[in-house]
*Asks:* 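Dumping the structure here so I can ask a few things about it.
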Amino acid sequence: MVRIATWNVNSIKQRMPRFLPWLDERQPDVVCVQETKLTDAAISELLDDELERRGYQAAYYGQAQWNGVALLSKVGLDDVVRGIPDAPGFPDPEARAISATCGGIRVHSLYVPNGRTVGSDHYDYKLAWLEALRRDIAKGPDDAVVCGDMNIAPADADVFDPHAYIGQTHVTPPERAALAELQKLGLHDVVRERWPTERVFTYWDYRAGMFHQDLGMRIDLVLASGNVAQRVQAAWIDRKARKGTGPSDHAPVIVDLDEARDGDLGPMVPPPSSPRGPRKTTTLPQAR
DNA sequence: ATGGCCGTTTGAAACGGA
C-alpha cells in the first residue's frame, strides 16, 4: 500500500507542532505540502533533520513570505521539477508547483492562485496558470496524481451554500471549466468518487466558528490518472487535523493505493508462499 | 447587514487568504 496525502499547512513554521505529530500518526508515504511560506534554505533548516529521522526524502520550492510547495517521499523522489513550464507569473514566477516521480507515479504538489476577485488581474492570472498546468500535465506520463489546493470548488455540492458564493472566486464557470479541462485529460477526483453524495469539505474559514458549524468548501483535491485511480483503496479528508489548537484552515486529504498491478485486479487473496521480489509482468490484450 | 481569524511584514496596521 502507498499512502499519498496533500495538505495546505498555512505556514509550515507555524504548523510544526501539528505537522510532525500528524506525520507520525498518519505515516503517509508521499506528502504534498502547500503554503509553506519559507525559502528553501529556511524550510531545509526547519525540516531536514526531522524528515530524515522519519525516512523521508524532501524537495522544496519556496519563497519568502508567500506561497511555497514541497514534496516528501519514502518511496523515491526522482526527476524533481520546480514550477510549470511557461506558467505566467504575477508578475514574477511564484512558488506554486513542484513535481517528482515517487514509487512510479508522477506526483504534483500544487498551490493554484487564489484569484482574489472575479475579473481582477489575479483572476486572469489564475486562469492562465491553470491552462499552463493543463498543458504540462497533458505531456504525461500516464501514471500521475495531481494534488493540492486547487482554489476551485468543482461543483455547488462542494460549498456549504452556493448562494453565499455568488459572484465570488472559486465557483465561477471559467474556473470550473479550467478544472474540467484538466480532468478531461483522464484525471479522476478520487475523493468525490468515493463519497459521491456526502458533505465533504477541506477548508473552513478561521472566523465565526465556520469549522464547528461545518461551513466549508472542498478545494483541496487529489486527481488521479486512470491507472492510479483503479488502485484507490481509501480516499478521505482528515478532519481531525483541523480540530484543536493551532490548526491550518485546511485539512489534509489522504489516499491509499493498492500496490501496482499489471492491469487486472489479481487474486482476491495473495497466493500462499508467494516469493518476494519484482512482480512478473503479464501482457494483456488491449482494447481498441 | 457586516464581520467575526490567522499569518506575513513589521514594530501600527496593511495585506493576503478563500
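In what follows, chains carry the letters A, B, and so on, assigned in the order in which the sequence lines appear, proteins first and then strands, with residues in each chain numbered from 1.
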*Asks:* When the nearest nucleotide of DNA chain B is assigned to A:Asp149 and to A:Lys13 on a heavy-atom basis, which residue is associated with the more 5' position?
*Replies:*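 Checking each residue's closest nucleotide, the 5'-ward one belongs to A:Lys13.
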*Asks:* Specify the residue among A:Thr169 and A:Lys37 whose closest nucleotide of DNA chain B lies further upstream toward the 5′ end.
*Replies:* A:Lys37
*Asks:* For the C1' atoms, the ones on B:dA12 and on B:dT8, what distance do you get once it is rounded to whole angstrom?
*Replies:*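 B:dA12 and B:dT8 have their C1' atoms separated by 14 Å.
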*Asks:* What residue pairs, at least two apart or across chains, pass ring-ring contact (aromatic ring centres under 6.0 Å, His included) with a residue in residues 161-181 of chain A?
*Replies:*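 Counting only pairs at least two positions apart or across chains, the ring-ring contact (aromatic ring centres under 6.0 Å, His included) contacts touching residues 161-181 of chain A are A:Phe160-A:Tyr165.
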*Asks:* Show every salt bridge (Lys or Arg N to Asp or Glu O under 4.0 Å) that has at least one partner inside residues 148-175 of chain A, sequence neighbours left out.
*Replies:* A:Lys126-A:Glu175, A:Asp156-A:Arg176, A:Asp158-A:Arg192, A:Asp158-A:Arg218
*Asks:* Considering only heavy atoms, which members of residues 62-72 of chain A lie under 4.0 Å from some atom of DNA chain B?
*Replies:*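 Residues of residues 62-72 of chain A under 4.0 Å from DNA chain B: A:Gln65, A:Trp66.
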*Asks:* Could you name each residue pair satisfying side-chain hydrogen bond (donor to acceptor under 3.5 Å, both in side chains) that touches residues 80-93 of chain A, not counting sequence neighbours?
*Replies:*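 Found none.
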*Asks:* Which part of the nucleic acid, if any, lies within reach of A:Asn151 when heavy atoms closer than 4.0 Å are counted: base, sugar-phosphate only, or nothing?
*Replies:*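 Counting heavy atoms under 4.0 Å across all strands, the contact made by A:Asn151 is with sugar-phosphate only.
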*Asks:* By ring pair (Phe, Tyr, Trp, His ring centres under 6.0 Å), which residues pair with A:Phe211, not counting sequence neighbours?
*Replies:*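 Residues passing ring pair (Phe, Tyr, Trp, His ring centres under 6.0 Å) with A:Phe211: A:Trp204.
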*Asks:* With C1' as the reference atom in both, quote the distance from B:dG4 to B:dT10 in angstrom, rounded to an integer.
*Replies:* 24 Å
*Asks:* Looking at residues at least two apart in the chain, or sitting in another chain, which of them share a side-chain hydrogen bond (donor to acceptor under 3.5 Å, both in side chains) with A:Ser44?
*Replies:* A:Asp48
*Asks:* Sorted by first residue and then second, give each ring-ring contact (aromatic ring centres under 6.0 Å, His included) pair with at least one member in residues 77-106 of chain A; sequence neighbours left out.
*Replies:*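 Sorted pair list: A:Phe90-A:His122, A:Phe90-A:Tyr125.
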*Asks:* Measuring only the P atom in each nucleotide, how far is B:dA18 from B:dG7? A whole number of Å is fine.
*Replies:* 14 Å
*Asks:* What distance, rounded to whole Å, do you find between the two P atoms, one in B:dA1 and one in B:dG11?
*Replies:*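 That atom pair is separated by 39 Å.
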*Asks:* Kindly state each residue pair satisfying ring-ring contact (aromatic ring centres under 6.0 Å, His included) with at least one member in residues 222-246 of chain A, sequence neighbours excluded.
*Replies:* none
*Asks:* Quick one: ring-ring contact (aromatic ring centres under 6.0 Å, His included) pairs with a partner in residues 35-67 of chain A, sequence neighbours left out?
*Replies:*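 Applying ring-ring contact (aromatic ring centres under 6.0 Å, His included) to every pair that reaches into residues 35-67 of chain A, excluding sequence neighbours, yields nothing.
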*Asks:* Where the side chain of A:Arg54 meets the backbone of A:Glu50, is there a donor-acceptor pair that is under 3.5 Å apart?
*Replies:* yes
*Asks:* Please list, in numerical order, the residues of residues 116-133 of chain A that have a heavy atom closer than 4.0 Å to any atom of DNA chain B.
*Replies:* A:Arg116
*Asks:* Taking only the C1' atom of each, what is the distance from B:dG17 to B:dG3 in whole angstrom?
*Replies:*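 It comes out at 16 Å once rounded to the nearest Å.
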*Asks:* Hey, what do you get for CD1 (A:Ile152) to CG (A:Leu221), rounding to the nearest 0.5 Å?
*Replies:* 8.5 Å
*Asks:* For A:Asp238, check salt bridge (charged side-chain N to carboxylate O under 4.0 Å, His left out) against everything at least two apart and list the hits.
*Replies:* A:Arg26
*Asks:* Just call it for A:Arg218: base, sugar-phosphate, or nothing, with non-hydrogen atoms closer than 4.0 Å on any strand.
*Replies:* nothing
*Asks:* For A:Asp143 and A:Asn227, does a side-chain donor sit closer than 3.5 Å to a side-chain acceptor?
*Replies:* yes
*Asks:* What does A:Phe211 touch in the nucleic acid at a heavy-atom separation under 4.0 angstrom: a base, only the sugar-phosphate, or nothing?
*Replies:*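 Nothing: the residue A:Phe211, judged by heavy atoms under 4.0 Å, touches no strand.
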*Asks:* Give the first and the last nucleotide of DNA chain B, reading 5' to 3', that has any atom under 4.0 Å from a heavy atom of chain A.
*Replies:*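 Result: B:dG4 to B:dA18.
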*Asks:* Classify the nucleic acid contact of A:Asn8 as base, sugar-phosphate or nothing, counting any heavy atom under 4.0 Å across all strands shown.
*Replies:*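 Sugar-phosphate, no base atom in range.
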*Asks:* With sugar-phosphate meaning primed atoms plus P, OP1 and OP2, does A:Glu35 contact a base, only sugar-phosphate, or nothing at under 4.0 Å between heavy atoms?
*Replies:* sugar-phosphate
